[in-house]
Amino acid sequence: MPELAEVFYYAKQWDAGKDKRITALDIRSKTRVFRACDTTALTEGLPGAQLRSTRTHGKQMLFEFSKGQWLTIHLGMTGELAAKPQPYEPAKHDHLVLHTRTHALVFTDPRQFGSVLYHQGKTPPPAWLTLPPQPMDEGFTVPRLREILQRHARTPLKALLLDQRWFPGIGNWMADEILWQMKLPPHILGGALDEKAVRALHRTIKKVCRVALETVGVDWDDPPLNWLFRYRWEDGHCCPRCEAELVRESVRGRTACWCPVCQRPR
DNA sequence: CATCATGTTATAAT
DNA sequence: CATTATAACATGAT
């Protein structure tokens with residue numbers, strides 16, 4: 001389930017092991033999550049180190065260790081991080097477990113769409129030096145959003161919102177939520193928004209990110225009751241605004257959930 | 001058994 | 001070359 005706020009929440013779980021020596025490590029190095037990782041270097045490099053800092057950007061997480069070791073983790077579709085009390089025995093889908101005296105820092109991911117990268121050096125991995133502004137950052141401005149929409153004027157807004165180059169962290173439920181709050185259908189084209197709508201979209205994106213981080217991101221609380229969020233998967237799911245039946249429809253290969261009555265063009 | 005899943009990417013087609 | 005569609009990845013839930 002991990003999008004912006006979920007990723008933020010999971011990254012925090014490993015704070016339980018902050019500044020504690022890694023005494024041992026369990027790794028299932030043959031699984032797909034390590035497809036782009038030097039697992040030998042990781043296995044040799046991490047024991048003895050201490051977790052120093054944690055940061056997230058969009059759906060990516062970066063963990064810095066005491067001697068210039070860096071772990072980049074993406075949770076894919078089903079990944080989770082947790083800190084478990086010792087003694088801990090790795091479970092079925094645990095791919096990486098960092099043991100400290102008191103806690104086991106666990107990365108688990110049944111579907112293995114997630115990934116782990118290992119980097120050594122004084123500075124963060126190169127990919128972390130040139131990052132686009134996240135939707136809740138200062139650099140995510142109205143002019144920037146306007147330009148994105150203009151440059152991709154023929155792309156359905158739903159697909160555009162899922163593009164991590166422009167909206168890092170926004171995933172399927174947040175994109176549907178933003179469109180629902182905007183009362184716009186998912187297939188409306190980026191270029192179809194007038195100036196007023198662009199500013200409203202900017203506000204809505206910021207708000208959905210902020211509130212998600214304040215709820216899900218803090219303690220896995222649900223977002224507000226009057227959001228689309230919790231009605232989108234329920235049986236006989238109805239729009240919490242107008243009670244019409246929600247529809248599910250594939251837009252550019254992803255399922256969009258939306259209300260055909262209150263989400264209309266313009 | 002068939003379908004679907006809060007994600008990304010390689011490859012093919014346009 | 002840029003955009004778009006499709007398949008693939010591996011597993012579990014319904």
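The analysis underlying the following values was restricted to heavy atoms, covering all of them including side chains, and did not include hydrogens, waters or symmetry mates. Quick note on labels: first sequence line is chain A, next is B, and so on, each numbered from 1.
If you measure from atom CD of A:Glu80 to atom C1' of B:dG7, you get 15 Å, rounded to the nearest angstrom. Rounded to an integer number of Å, the gap from CG of A:Asp109 to C1' of B:dT8 is 12 Å. Atom CZ of A:Phe167 and atom C1' of B:dT8 are 18 Å apart (whole Å). Put simply, CZ on A:Arg165 is 12 Å from C1' on B:dT8, counting in whole angstrom units. Going from atom CG of A:Asn172 over to atom P of B:dC4 covers 14 Å, rounded to whole Å. The NE2-P distance, from A:His74 to B:dT6, rounds to 14 Å in whole Å. Between A:Arg252 atom CZ and B:dT8 atom P there is a gap of 16 Å when expressed in whole angstrom units. When rounded to the nearest whole Å, the span between CD1 of A:Ile178 and P of B:dT6 equals 15 Å.
Aromatic ring centres of A:Tyr10 and A:Trp220 lie closer together than 6.0 Å.
Spacing of P atoms, B:dT11 relative to C:dA10, comes out at 16 Å, to the nearest Å. Comparing the same atom, P, in C:dT6 and in B:dC4 gives a spacing of 15 Å after rounding to whole Å.
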For DNA chain C, the dot-bracket pattern of Watson-Crick and G-U pairs whose distances stay under 3.5 Å, | for other-strand partners: .||||||||.||||
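Using modelled atom types and a 3.5 Å distance limit, the side chains of A:His103 and A:Gln86 yield no donor-acceptor pair.
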Tabulate below the donor-acceptor pairs under 3.5 Å that side-chain atoms of residues 153-161 of chain A make, not counting sequence neighbours, or state none.
residue, atom, partner, partner atom, Å
A:Lys158, NZ, A:Asn172, OD1, 2.6
A:Lys158, NZ, A:Asp176, OD1, 2.8
A:Lys158, NZ, A:Thr255, O, 3.3

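In this structure, A:Pro90 and A:Arg28 have side chains that are not in contact, with every pair of non-hydrogen atoms separated by 4.5 Å or more. The side-chain heavy atoms of A:Leu46 and A:Leu98, taken from C-beta on, include a pair separated by under 4.5 Å. Looking only at side-chain heavy atoms (C-beta outward), A:Trp128 and A:Trp70 stay at 4.5 Å or farther from each other. Within the 4.5 Å cutoff, the side chain of A:Pro168 has no heavy atoms near those of the A:Lys59 side chain.
Ring geometry for A:His202 against A:Phe140 counts as parallel: the plane angle stays under 30°, on a 0 to 90° scale with 60° as the upper cut.
Backbone-only engagement by A:Arg248 is indicated by non-hydrogen atom pairs under 4.0 Å involving sugar-phosphate atoms exclusively. The residue A:Arg35 sits apart from the nucleic acid: no heavy atom pair falls under 4.0 Å. Counting any heavy atom pair closer than 4.0 Å across all strands shown, A:Gly253 reaches no nucleic acid atom. Counting non-hydrogen atoms under 4.0 angstrom, A:Thr255 reaches the backbone sugars and phosphates but no base. Among the heavy atoms of the strands lying under 4.0 Å from A:Thr155 are primed sugar atoms or P, OP1, OP2 only; no base atom is included.
Mapping heavy-atom proximity under 4.0 Å, the span of DNA chain C touched by chain A runs 5' to 3' from C:dT4 to C:dG12.
Between A:Asp15 and A:Lys12 no salt bridge is recorded (no basic side-chain N to carboxylate O distance below 4.0 Å).
For the pair A:Arg232 and A:Trp173, the cation-pi test (distance below 6.0 Å, angle within 45°) is failed.
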